[in-house]
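Accompanying notes for the structure given below.
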2 protein chains.
Amino acid sequence: MLDTVDPAITMGKKEFERLREEKELKLGELQRQAHECGLPILLVFEGWNGAGKGVQINSLLQCLDPRGFKVHPISRPNCEEINRPFLWRFWTKLPPKGRIAIYDRSWYYQTTMDRVEERITREQAELAYHDIQSFERQLVDDGCLILKFFLHISAKEQKKRLRKVENDPEQRWRVTSEDWRAHELYARYWDAFEEMFRQTDTAFAPWHVVEAEDKRYSRIKIMDSVIAAVSRRLEEMKRNGKRADAVEQPYVEAVPFTTSILREADLSRSCDKKEYERKLPALQERLRDLQYEAFRQGVPLIIVFEGWDAAGKGGTIKRLTNSLDPRGYYVVPVGSPTDEERQYHYLWRFWRHMPADGIVAIFDRSWYGRVLVERVEGYAKQAEWRRAYREINEMEEHLANDRTILLKFWLHIDADEQLKRFKAREADPNKQWKITAEDWRNREKRPLYEQAIQEMFFRTSTRLAPWTVVESNCKYFARIKTLETVIQALEKRLK
Amino acid sequence: MLDTVDPAITMGKKEFERLREEKELKLGELQRQAHECGLPILLVFEGWNGAGKGVQINSLLQCLDPRGFKVHPISRPNCEEINRPFLWRFWTKLPPKGRIAIYDRSWYYQTTMDRVEERITREQAELAYHDIQSFERQLVDDGCLILKFFLHISAKEQKKRLRKVENDPEQRWRVTSEDWRAHELYARYWDAFEEMFRQTDTAFAPWHVVEAEDKRYSRIKIMDSVIAAVSRRLEEMKRNGKRADAVEQPYVEAVPFTTSILREADLSRSCDKKEYERKLPALQERLRDLQYEAFRQGVPLIIVFEGWDAAGKGGTIKRLTNSLDPRGYYVVPVGSPTDEERQYHYLWRFWRHMPADGIVAIFDRSWYGRVLVERVEGYAKQAEWRRAYREINEMEEHLANDRTILLKFWLHIDADEQLKRFKAREADPNKQWKITAEDWRNREKRPLYEQAIQEMFFRTSTRLAPWTVVESNCKYFARIKTLETVIQALEKRLK
């Protein structure tokens, strides 16, 4: 791709001055409109060392309201970031609705550098680019606008610039031996960048290569690109009345989605108290040992609990955590999103809680809410929850690529058992707090939930992150099965 | 203090078993009640190496719902934490309303260790303990419950325990040479702990020394302490009907609070366009150089902007940031708190945005909202905004102790100039977005705001963090003065 671009194009000073002011005003106006419409904008700046990313970002910012953007300089991951999947640091640096995030280098930095330094194979790079593609698509699908700029200069120009800075006594400190080394590796960088383009130049987030030897030309080109993309998007949003937030009717399948998985669950399975009390302590002790082992090996573990109301999630989580070292696990109770969380892609609020290496995170309800309650109650539009299956699989794959062990449990009880438990809770003054009107309402929608659950199993049970249905009419059985499943999975992976 | 405590007290197994179950049930019940009442609870565990903090925390957790607590193991600060004032990591680890945070070591760790290792003087330790006291008092005033446990064992017992673990081949890896060194320094630790008690054993957050050689005795004692404190607090809350969130009438002083500072501001001061255009670029360039210097020296800079509506905050911030390196500054626009932020002390949402070493954070409105809009509009109760002056001073002092440069600007215009600008905005289609009905309403309350502003100046203009009133009827003058003030402050500190 790069060989089709002449980085040396120039623009005369007169023309530049003629164009500049009008474009700057326009950009300021578009920023305000984007803010009003709640459009999140991501501006990515990549390119050669010395191509002037800093200068270009600075110029662009001149015409923007500094209260509406944030610049993220990206270099090597810090101590928090290095212990998590590589996209974590970018998920947590997304712009909320109506704001602009500017990345001085970005999620491309690490992979391209790793390729230049030959720390990873082509296949590993492909995996990373695949994850990046998914990341960008998810954001675009959610309404983000992504512009990716690549600032291009020739090897000759790069050398000239390094020399120039070196000859300035005030600036000299800015040139390091690494810069010269990068210059010597120009050809290798070229190959790495070409590979990056091939893998990530997509319709939803295309690369904009900017001829960057002449600062005037590149400045106007960048402004033009931002203006065009933002204007187009704002027009689209107005045309579609996206801000109306029209509520769709909850979706009901004409032909109910069925799988065999719920039907096959044998809810008569049980475990008597004596056996339970004999088995539990040994399992808990074993689990604690495995927790230490996972900690030593730096393997993160995520355990997701979903299930019917009153299926016993709380009690199971308690037995699971009872013997764990509390310094190494935490439970994330998931309710409705806060107003802050609503400013981002729906997966953002889970990324906030992803465990570092060696840590156990237990989700009491999870991202599956999107395809369960949000689907059934109509909180998510059909297009949104339909694409969520893929988004979830992609996220889980990304976690798995980072060695995370991910286990998902569905705590299953039948309608009769649920009724019995609801009534028992209402009768017990110590347990009344556990039962609300909402539980009764959800219960009435059981057929709709059953469809959603089965479709969820079908679309998101993967080899990397399988679902386990836990027959929970007998609580003792459910707890033992859950612990055994976790133990088996850990034993398999930690050996 | 410690010499009055016999760490070797024991409890028989029978008595323990008799007490345990009842207390565990009670704790579970109290956790639920605290959750319902929105009571945040902080449990701090400090003590000798090997005193069994982990074991005790674990026991306590057995009876709690894991969805309602989070355990924070505290050791050396990580790379994010080391670059910020030492309380930052604890501000960002507070429990939200209704949750429990458990600290396995805490904000006391660093200072006591520094004392043992003689890295800091007694005076420096006093400064740190002073900041810790303020921190705890602020939380307690805001409704948090803090319990601080110190697990006490003798030197002999410590040695015995280290030996025992070492003799177990499975556990041996847990004992390090550091543990033995700490044992040798038992006497020095003793002195450091005594100093800690003297400085931080307060009525609002007293220390509970737990005799920890016998696990049964200490377990019951810890449970008893938590039960007593939480029960008492819940009763108080019920008695005071704290959850009612009764709205107070906005407060009006009988005798208006006046200072000379606003009166003395000479709003006729101005700067003509020519002079402005001559001066501005040089100031901006100078500021950029100073930004690099602050970065090199690792000094954080916080600039706070407050001022009348339409006083020109946005424009001033823009000129201030125009030439700054965008990788080293960010602007924090402050509006009403999000629902997430409302779950914490009102300073929490600012702590989230405190800059790392070498970084510039610009607050467009700030924590002073508490004593301005929240006071005038009655969003904060009188007791709340009245204690905020002290809380703010304490926070700013803590920042200053960490070498932060903090500058606060009040952009001042008179009522006539404001009216002129409001009308001009309404007439200009490009600026109509800047003016809302709320601006007109605020304008009517100018006398109330004037009182609040003057009291704010009086109570929060400190040597470490002075207020600068910027005469802003002439925008050019205001911008030049602001930049000059920032430059002078930086020059003074960075020399």
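Just so it is clear: chains get the letters A, B, ... in the order the sequence lines come, proteins before strands, and each one is counted from 1. Here the structure is a predicted model, which means the values were calculated and not measured.
To the nearest 0.5 angstrom, Arg32(A) atom CZ is 9.0 Å from Lys431(B) atom NZ. Rounding to the nearest 0.5 Å places OG of Ser323(A) at 12.0 Å from CG of Leu61(B).
Atom CD of Glu170(B) has 12 or fewer heavy atoms from other residues, nucleotides or ligands within 6.0 Å. More than 12 heavy atoms of other shown residues, nucleotides or ligands fall within 6.0 angstrom of atom CD in Glu277(A). In this structure, Phe295(B) places its CZ atom where only 12 or fewer heavy-atom neighbours from other residues, nucleotides or ligands lie under 6.0 Å away. Residue-environment remark: CD (Gln297(A)) exceeds the threshold of 12 foreign heavy atoms within 6.0 Å. The 12-atom threshold is exceeded at CD of Gln171(B), counting heavy atoms of other residues, nucleotides or ligands nearer than 6.0 Å. Residue Arg172(A) qualifies as enclosed at atom CZ: its count of foreign heavy atoms under 6.0 Å is above 12.
If you measure heavy-atom distances from Asp104(A) to chain B, the contacts under 4.5 Å come from the side chain alone. Proximity to chain B is absent for every atom of Leu320(A), based on heavy atoms less than 4.5 angstrom apart. Using a 4.5 Å cut-off between heavy atoms, Arg342(B) does not touch chain A at all. Contact of Ile362(B) with chain A is not made at all, since no heavy-atom distance falls under 4.5 Å. Contact of Leu324(B) with chain A is made through the backbone alone, with heavy-atom distances under 4.5 Å. Of the two parts of Arg319(A), neither the backbone nor the side chain holds a non-hydrogen atom closer than 4.5 Å to a non-hydrogen atom of chain B. With a 4.5 angstrom heavy-atom cutoff, Lys70(B) touches chain A only via side-chain atoms.
Within residues 330-340 of chain B, the residues having any heavy atom less than 4.5 Å from a heavy atom of chain A are, in residue-number order, Tyr330(B), Val331(B), Pro333(B), Thr338(B), Asp339(B), Glu340(B).
With sequence neighbours excluded, the residues forming a side-chain contact (heavy atoms from CB on, under 4.5 Å) with Glu24(B) are Arg20(B), Cys63(B), Arg219(B), Met223(B), listed by chain and number.
With contacts defined as side-chain heavy-atom distances shorter than 4.5 Å, the pair Glu80(A)/Asn78(B) qualifies. Between Asn322(B) and Gln62(A), the closest side-chain pair of non-hydrogen atoms falls below 4.5 Å. Side-chain atoms of Asn58(A) and Arg327(B), non-hydrogen and from C-beta on, never get closer than 4.5 Å to each other.
In this structure, Pro66(B) and Thr321(A) approach most closely via the heavy-atom pair CG-OG1, 3.7 Å.
Between chain A and the options Glu29(B), His72(B), Lys318(B), Glu341(B), the largest number of non-hydrogen pairs under 4.5 Å is found for Lys318(B).
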